[in-house]
Amino acid sequence: MPRTLLERPDAVRALAGVFRRRGFESSSLSVIQQEAGIGRGSLYHFFPEGKTDMARAVLDQVGDWFEDEVFAPLRSATDAAEAVSAMTKAVADYFVSRENVCLFAAMTLGEEKETFAGEVKAYFVDWVDALAALLQRGGLNAGDAHENALDAVAMIQGGLILTRAYGDESTFLGVMERVERRLLAQLS
């Protein structure tokens with residue numbers, strides 16, 4: 001039976017879980033209702049433009065979390081090594097607690113790719129740019145900082161895929177340890 005939601009953020013959190021498990025294309029309105037426990041009326045009240053509106057709200061919520069907990073701290077940090085360690089911890093904790101799924105990456109897989117292309121690109125550009133700027137403040141030249149930042153984000157995303165394929169969370173945690181170690185080695 002659908003539950004009554006009092007706030008839109010409650011609906012967004014429930015929808016995020018459905019999109020993590022099912023992806024965008026496999027999340028029909030009936031699946032969303034059943035798995036999120038949200039009635040059709042509530043869904044259309046909070047998301048009048050349907051499933052695309054729901055997915056955008058989820059991406060906005062995830063993007064806001066990353067902005068507050070990862071990107072902004074990278075941009076404002078004065079100690080590059082400390083910021084790298086804080087980033088890898090925050091990112092590892094985030095993805096482990098959310099089924100090892102990056103919703104932004106998941107939105108690049110199917111027909112929805114073009115629908116969310118702007119949001120997906122902005123998320124990854126923000127992450128790479130914030131990390132590259134930190135690495136530059138830590139002493140790397142612009143080119144090396146950008147390459148290392150791009151490689152780190154790529155390793156994290158690849159680690160998420162392998163973790164799901166292997167069904168072993170320790171895979172992702174190991175990747176995160178190596179990302180941290182490699183970035184810190186560049187700063188020494």
Distance from [X] atom [atom1] to [Y] atom [atom2], nearest 0.5 Å?
{"X": "Thr52", "Y": "Leu59", "atom1": "OG1", "atom2": "CG", "value": "10.5 Å"}
{"X": "Leu103", "Y": "Tyr123", "atom1": "CG", "atom2": "OH", "value": "9.0 Å"}
{"X": "Arg8", "Y": "Arg13", "atom1": "CZ", "atom2": "CZ", "value": "12.0 Å"}
{"X": "Lys121", "Y": "Asp126", "atom1": "NZ", "atom2": "CG", "value": "11.5 Å"}
{"X": "Arg164", "Y": "Glu169", "atom1": "CZ", "atom2": "CD", "value": "12.0 Å"}
{"X": "Ser26", "Y": "Phe19", "atom1": "OG", "atom2": "CZ", "value": "11.0 Å"}

Non-hydrogen atoms of [X] and [Y] that approach each other most closely:
{"X": "Val70", "Y": "Ala90", "result": "CG2-CB, 4.4 Å"}
{"X": "Leu15", "Y": "Val58", "result": "CB-CG2, 3.8 Å"}
{"X": "Ile32", "Y": "Ser27", "result": "CD1-O, 3.5 Å"}
{"X": "Leu184", "Y": "Ser85", "result": "CD1-OG, 4.0 Å"}
{"X": "Val128", "Y": "Ala149", "result": "O-CB, 3.5 Å"}
{"X": "Ala11", "Y": "Phe47", "result": "CB-CE1, 3.9 Å"}

Inter- and intrachain pairs under salt bridge (Lys or Arg N to Asp or Glu O under 4.0 Å), touching residues 61-88, at least two apart =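 Every pair satisfying salt bridge (Lys or Arg N to Asp or Glu O under 4.0 Å) with a residue in residues 61-88: Glu67-Arg75.
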ask   = Restricting to pairs with a member in residues 83-105, which pass salt bridge (Lys or Arg N to Asp or Glu O under 4.0 Å), not counting sequence neighbours?
value =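 Pairs touching residues 83-105 that pass the test: Arg21-Glu99, Lys89-Asp93.
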task = Determine whether more than 12 heavy atoms belonging to other residues, nucleotides or ligands lie under 6.0 Å from atom CZ of Arg22.
result =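 Count not over threshold, so no.
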Side chain of [X], backbone of [Y]: donor and acceptor closer than 3.5 Å?
{"X": "Lys51", "Y": "Ser28", "answer": "no"}
{"X": "Ser42", "Y": "Ile38", "answer": "no"}
{"X": "Thr171", "Y": "Thr163", "answer": "no"}

key: Verdict with reasoning, Thr88 to Val91, per side-chain contact (heavy atoms from CB on, under 4.5 Å)   = CA-CA 5 Å; Thr88 56; Val91 169; 5.9 Å; no
ask   = Between Leu135 and Glu147, is any pair of side-chain heavy atoms under 4.5 Å apart?
value =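 Leu135 vs Glu147: side chains apart.
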request  = Measure the shortest side-chain to side-chain distance between His146 and Leu140 over non-hydrogen atoms and say whether it is less than 4.5 angstrom.
outcome  =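 When only atoms from C-beta onward are counted, Leu140 and His146 do not touch, as no gap falls below 4.5 Å.
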query = Asp144 and Asn141: side-chain hydrogen bond (donor to acceptor under 3.5 Å, both in side chains), yes or no, with the steps?
reply = CA-CA 6 Å; Asp144 288 344; Asn141 68 50; 3.2 Å; yes
query = Charged N to carboxylate O below 4.0 Å: is that the case for Arg56 and Asp53?
reply =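 Here Arg56 does not pair with Asp53 in a salt bridge, since their nearest N and O are not under 4.0 Å apart.
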request  = Please report the C-alpha distance between Val12 and Asp60 in whole Å, then the side-chain angles of each, then the deciding distance to 0.1 Å, and finally whether the side-chain contact (heavy atoms from CB on, under 4.5 Å) criterion is met.
outcome  = CA-CA 10 Å; Val12 173; Asp60 286 346; over 6 Å; no
key: Pair Phe66 + Phe95: ring centers closer than 6.0 Å   =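 Yes, the ring of Phe66 comes within the 6.0 Å limit of the ring of Phe95, centre to centre.
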